[in-house]
Structure formats: structure tokens, C-alpha cells
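Note that ligands are numbered from 1 as they come in the structure, with each ligand's atoms numbered from 1 the same way. Note: hydrogens, waters and symmetry copies are ignored here, and every other heavy atom, side chains too, is used. If you read the sequence from its start, that first residue is 1, and numbering goes on from there.
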Amino acid sequence: MKPTPETLERLKEITGDKGFVAEERDMAPYLVERRELYKGRAAAVLKPATTEEVSAIMKVAHEAGLHVVPQGGNTGLVGGQMPDGTGEEIVLSLTRMNKVRSLDAENNTLSVDAGVTLATAQEAASAADRLFPLSLASEGSCQIGGNLATNAGGTQVLRYGNARDLVLGLEVVLANGDIWNGLTGLRKDNTGYDLRHLFMGSEGTLGIITGAVLKLFPRPRAVSTGFAAVPDVAAAVKLLRIADGLSGGQVTTFELVPRIGVEFVTRHLEGASDPLPEASPWYVLIEMTAGAETAKLDETMEMALEEGLDTKLVTDAAIAQSEAQRDDFRRLRESLSDVQREEGGSIKHDVSVPVSRMADFITRATDAVSARLPGIRPVPFGHIGDGNVHFNLSQPVEMDKAAFLALWGEMNAIVHGIVREMNGSISAEHGVGQLKRDEIAATKSPVEMALMRAVKQALDPKGILNPGKVV
Ligand code: ZN
């Protein structure tokens, strides 16, 4: 429902002038995401400074039946943070809740407001000689609240798990304004349902995360970075198991890079060069880390790569000999999304299958999209160690961009059909948002959808929290 002028006045009293934005021009940055794929309108953007203010806002919203769209750093890729086009919804930005609350070095935990950026959380951990291992491309601007609400993934999931694995407690404002303080910081607590996991991955549809207790880890002091050429994806998976076994679980990052990706990077990124003398159809970026400075990780990496070479799983490889070379290897992987933009239209997929079926998936999906559109250029890359690949498709060289992008739905249907046949997920780490809402409803079992809707109904009976997203 559209808020009345009186209701808006009440909301403004809660947040103060600083936290109340209603001018079109000032609201604009909150109403469009970076790629401009999702845009919305809003009656106001509220920027509360405390949990109590969030609670007071929700009490008003609940009473008046206002729709509230929680927003963190506005870096989401599926439209979960965007209001609809009616101009009646309220955007609730956590940006001003940006304090690191406390760090408990002995408990190995960091307590933060939801609006703290991921980079700030990482820095706070590092200042105490600890590691907060969540790591994503948007870490400079994405916020912890959004990371947790979407159960973000990234490049170190292999070793440390998803966002939900890195949380010991949450503070959440519920749809009716009640505050649930679950900031226990306990590593063991079997006193009933583990409620925090309901909110993580709920994308703001069940409650608004306002604070969290995060798990910390020893700060790595040794790192080894390798770049290996492999003949196919199956070899990459076998190499992962060798590296993981030889290092005793110290592989932090294991990322797949296709040849076409290396070509895009060397073509469009200044200073980038081919990592190895001979071209190879596939590569992997491997990183091992250890807490002890004395760990001889380069030796372990070398052993793994040697074994790969001996068994023909690897055709060539290099280990970074300097920080500059390490950065070069990492950049080859990290810039893949950006350089794809320089090659015209790109149709994206964020899918997962069991790691053991990754090679089969990539082959089948590549064949299927190529049969539909000869000349299409698949760029499958990413977190192969987690069974998660960004199966992105660059347009054929000569094709019109708009004509290619018009095939988005059809390509999704082809790729997601194969994912489903392999018992995979059509949203591995980017969430559901608006983009995949109808698709998950059509593909999850009726039992699972009924459970999800029952949870939504119980926690948000009036349907005011992030309507139109997820369920
Ligand atoms: Zn990713």
C-alpha cells in the first residue's frame, strides 16, 4: 500500500532528516543496480542508524501494510534488493549501520552491524591477526547483511564454506518490528531450531538482518599460487583431489578458467599476458594457504603439479615466484566477468552440480547451446572445487547484441534443463531475487515449495517484507 503523507512523516521522525530520502534525485542510486538490469521506484528510502530505528520502522510498516525492501550495498545480481515499479514500496538501506561492534580474539569472533562492508570486516579481522575468509569481487561495497541474507559464496568456499558457514549469531528485526537477538557467539548450541539459518539465504523476505557474530580463522602467513594447464575439465577435478590430499586440506581456491577467458583477458586487460608458453583448452588457478610461516607450500604445490604432469592431468604449470606474478595469475580469473562485457552480449548462468559431474555438465551444456546457436562462445569459469560454474555465454562475433540477448530465456531453459537432470541448482551463489523466482517455483517439488511458503507465512503473515522475491 502507498504510504500516506502522515505515515511518511512518522517514518521521518524515526530516522531523522539524515536517514530519510524522498527526493527523486537523491533516491536514484538506491533504485537501480550497477548493470541497470533492475530498476524500481520507491515512496522513500530510509536509512536507519540503529537496530531500534529499524524496529520502529517495521512497526509502522506492519501497522500500515507498507512493503519494505531491505538493501545492503546494492551489488546483488538477481534484483533481490530492488523495489518494484509502483513507487509505493519503501527501501530500507542498512548503509548507516556501519559499525564494527566488537572483536573477541579468544572466542575468535567478530561482531558487526549489518551495514559494515565486507572489506571493513576483513580489515577488522586482519588488524587482530585473524582472517574473515568470505571473499567476493564486490567486497569493497557489498555489506555483511546482504552477504548473509543471500548466503554469498565467492572464491574461498572450498576451504571455509559459504556465508552461512561463517556465522555464529544474528540479530534480526522481524516483520512486526520485534527484535530477535541471537548474537550468542556460541559454537555449540542444541536448544531447538537453529533460527539463524532461516534468515540466511532468505534475501530479506523473512526478516531484516541488523547485526551478526562472524567466525574468524587464523590469518594465513604462507601462500602458494599455481596456474596449471589441463586438457579437460575432468582432469581439473582429478588435480583438485591430488592437491587437496597432498596438502592435507590447504587448498583455499581452485578455479576453472577456459582458454577463451584467457584470450579475452589478454585482449582487453592492459598488461595481461598469456600465463604459459603454449595455449591450453583449460586452466586452473590453485591457491594453498597455511597459518604457519614455515609451511613449505610451494613445495607442496610443486608435488601436486608434478603428480599431475606425470599422470597427464596437467600439460604445463607455473608457480608464482613473486607477488606481482601472483597478482597476474589472480587477475586472469578475477577479471573474467569484466572482460566479457567487451565482447558484446553475455547470457549468464550461476549453476551447481556435484563436483564429480562438472565435466559432464560443461560438455553437455556447451553442446546444447552450440546446437541452438552456432558460433555462440561459452565461457564457463569459476568455482569448480565447489561444483559451481558461471556458465556464461558470449555472443557470436558477428551477431547483433540485442538479437543475442533476446535468446536469454531460451538459453536459460536449455542450460537449466540439463542442470535439473543432473540434480543441480539453478542458483548456486547469486540467489533467487526477482530473476529466478518463477523458475524455482516451477521446478522445486510441491512439498518443498509448500514448506517455504509456510515459513514465509509464519514469519511475515502480511507479506510486507521484500514482496515478489524468492517465494
Ligand atoms: Zn562466483
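Using modelled atom types, one finds a donor on one side chain and an acceptor on the other under 3.5 Å when comparing Glu171 with Thr210. In this structure, a donor-acceptor pair under 3.5 Å is absent between the side chains of His349 and Asn392. Of the N and O atoms on the side chains of Asp298 and Ser224, at least one donor lies less than 3.5 Å from an acceptor on the other residue.
Coordination check, Asp350 versus the Zn ion (ligand 1): failed, since every N/O/S atom of the residue sits at 2.8 Å or beyond. At least one N/O/S atom of His390, whether from backbone or side chain, sits less than 2.8 Å from the Zn ion (ligand 1).
For Glu429, the N, O or S atom with the smallest separation from the Zn ion (ligand 1) is OE2.
Here Glu255 pairs with Arg333 in a salt bridge; the nearest charged N to carboxylate O distance falls below 4.0 Å.
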